[in-house]
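Please read these numbers as outputs of a predicted model, since none were measured by experiment. Heavy atoms only: backbone and side chains are in, while hydrogens, waters and symmetry mates are out.
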Amino acid sequence: MGELLPLMLQGAWVTLQITFWASLLAIACAVLGALGRLSPFAPLRWFSITYIEVFRGTSLLVQLFWLYFVLPMPPFHVELSAFSVAVLGLGLHIGAYGAEVMRGAIRSVAPGQYEASLALNMTPLTRFRRIILPQALLAAIPPGTNLLIELLKNTSLVSLITLSDLAFRARQLDQATFMTLEIFGLTLVLYFLMAQAINLAMRLVERRLGRGRIKGGLA
Amino acid sequence: MSMQQRFDDSPMVRPSRRDGSAEPLVRFDQVTKRYGSLTVLDQLNLEVSPGEKVAIIGPSGSGKSTLLRALMTLETIDDGVIEVDGEPLTHMPTAGGHLIPANARHQRRIRGRIGMVFQSFNLFPHMNALQNVIEAPVQVLGMSKAEASQRGEELLAMVGLEDKLGHYPAQLSGGQQQRVAIARALAMRPKVMLFDEVTSALDPELCGEVLNVIRQLGEAHNLTMLMVTHQMGFAREFADRVCFFYKGRIHEQGTPEELFGNPREERTQAFLSAVNEAH
């Protein structure tokens, strides 16, 4: 067991890195995708809808295969490292779900907030950045946490594009040692701990964004 | 800048009016607003002089709030022209003197002269009282944070909330929230303040503190105010002129003494007696 742990932790570290960068990409995609969908400019709206439907409507595994195996071939000739593909694929995939979550969250900000911002003569950009987005992000946190945990668990697919993540290490060590119970038990615990870390991080963000706001209070 | 200076500098000076009164700061000229087949503002005319306090009363659905919202550009209008300080709000003049629909820049420039306080306060819930007040001066006027904070503290002190600077809206009573909203609007140095039923969402005992602030404001500053209100007592005491709205038009207007003491129109009489009975 003592020799297992370092290798398992190496795998967990790869999983963690992919999760972190893909989460950042997913959040950016979610905000931009939602903004595009709500845009008064039709081509931007179509672009966002296409993005959301394509990445939500097809299998993540096939998306990863496309990015990793198909893109390097003609006529694309785009070669990406396995790590970049993992981050890009997971980020775009979860970002498409996130865009719909963000759209709902932006819609949930009270109309009076828009009116007050307009009456104070803010530009649309200032209004979104300073007034609407902080409130929308707060509303998006509970469903957003779900999506990020989903993202973490989906990282197990990246072993199929040659990355040595936690799930890959588990299978590798299992084949070498036949300590099946111990290895997959430890794998469960490691995934669980990482999911709890996401949970905790999101709760801290929620507390920060929700500062001064009493749940179900006057505001 | 005094009114006199501003007119001297302005290339848009128009001949003074025959009756010698000041040029209106706000002018509605034949303004019409429709929602489908419903006409909420019906060729409305209204002129408000600098410093004048106008109370707008009338039954619900008569277009009172729409008037303020159109002036704040929260509603578009279907016909007519609104002018603020001699310049059209929703239109802009071309070199040839024609009026075309205003672009965003023109609208923002004119809109900056107007401040508004809402029935539902609409404070930013993720900012404390001081942050609410300094947000627009910093982001829109480009004021330094230090300067904006100093002015913000003065304004909050003026509305009696100097000890609530760090409180969030959820930690304030309705009356306190509305006073923050007034300070927030004032921080943009508007020439015209619009009050849209600002006490309607408040318990009766909290109305007084908000009305006191507005009263003070009227006395201390030569601010032009338009106020939609159901508080007839306050309108009577505070306003220079009371307009009674009915079906998208000003049905009758006059000094509070005239309108409340001796209403000429049947509709006005009926409305006022209904309001009196309710109290």
Side-chain angles (χ1 to χ4, degrees), chain A residues 27 31 34-35 38-42 44 101-102 104-142 144 202-219, chain B residues 65 68-69 71-75 104-105 107-129 131-142 166-174 176-177 180-181 184-190 192-194 196 201:
Chain A
I27 291 165
V31 172
L35 271 183
L38 295 169
S39 163
F41 187 53
L44 217 61
V101 166
M102 269 314 289
I106 290 171
R107 275 274 161 84
S108 78
V109 176
Q113 297 290 307
Y114 287 87
E115 295 187 349
S117 310
L118 188 81
L120 291 167
N121 220 359
M122 290 183 192
T123 60
L125 183 66
T126 304
R127 176 178 70 202
F128 182 72
R129 196 172 54 86
R130 302 284 305 176
I131 309 301
I132 306 302
L133 187 61
Q135 298 183 56
L137 282 177
L138 182 65
I141 279 183
M202 293 297 272
R203 219 167 296 156
L204 289 178
V205 174
E206 183 173 29
R207 191 176 308 169
R208 190 181 159 108
L209 284 174
R211 201 169 31 191
R213 302 181 64 172
I214 300 164
K215 282 235 168 71
L218 300 157
Chain B
S65 285
L68 297 194
R69 293 173 60 81
L71 182 52
M72 192 70 258
T73 68
L74 294 171
E75 306 277 357
R105 195 161 146 259
Q107 247 191 20
R108 289 193 63 226
R109 191 168 62 83
I110 310 295
R111 193 194 288 131
R113 301 169 185 171
I114 309 165
M116 183 161 181
V117 183
F118 299 87
Q119 178 179 352
S120 50
F121 326 138
N122 295 344
L123 290 182
F124 305 132
H126 56 303
M127 298 181 182
N128 66 31
Q131 288 167 337
N132 260 282
V133 175
I134 70 172
E135 180 64 17
V138 171
Q139 298 289 338
V140 179
L141 303 181
H167 283 55
Y168 285 85
Q171 300 163 326
L172 298 170
S173 73
Q176 291 168 335
Q177 288 189 58
V180 174
R184 180 176 72 171
L186 287 173
M188 293 298 280
R189 302 181 192 271
V192 189
M193 276 284 273
L194 312 180
D196 189 9

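- Partner Ile106(A) forms a side chain to side chain contact (heavy atoms under 4.5 Å, CB included) with one of Val31(A), Leu38(A), Leu133(A), Val101(A) and no other, that one being Leu38(A).
- Panel note: side chain His126(B), backbone Arg130(A); a donor-acceptor pair is recorded below 3.5 Å.
- Per-residue counts of heavy-atom pairs under 4.5 Å with chain B were compared for Leu138(A), Thr123(A), Thr126(A); the largest is that of Thr123(A).
- When heavy atoms are compared at a cutoff of 4.5 Å, Leu123(B) approaches chain A solely by way of its backbone atoms N, CA, C and O.
- Annotation: maximal heavy-atom pairing with chain A below 4.5 Å, among Met127(B), Met72(B), Arg108(B), occurs at Arg108(B).
- Not a single donor-acceptor pair under 3.5 Å links the side chain of Gln139(B) to the backbone N or O of Ala136(B).
- Although no hydrogens or angles enter the test, the distance criterion places no donor-acceptor pair under 3.5 Å between the side chain of Arg111(B) and the main chain of Thr73(B).
- Contact of Met188(B) with chain A is made through the side chain alone, with heavy-atom distances under 4.5 Å.
- Both the backbone and the side chain of Arg184(B) come within contact range of chain A, with heavy atoms under 4.5 Å apart.
- For Gln119(B), the side-chain contact (heavy atoms from CB on, under 4.5 Å) partners two or more places apart in sequence, or in a different chain, are Glu197(B), Ser200(B), Ala201(B).
- Only the side chain of Phe118(B) comes within contact range of chain A, with heavy atoms under 4.5 Å apart.
- Of the possible donor and acceptor atoms, none in the side chain of Ser120(B) sits under 3.5 Å from a partner among the backbone N and O of Asn122(B).
- For chain B, the nearby parts of Gln113(A) are the backbone and the side chain; heavy atoms of each come within less than 4.5 Å.
- For Ile114(B), the part lying near chain A is the backbone, with the side chain staying farther off; criterion is any non-hydrogen pair under 4.5 Å.
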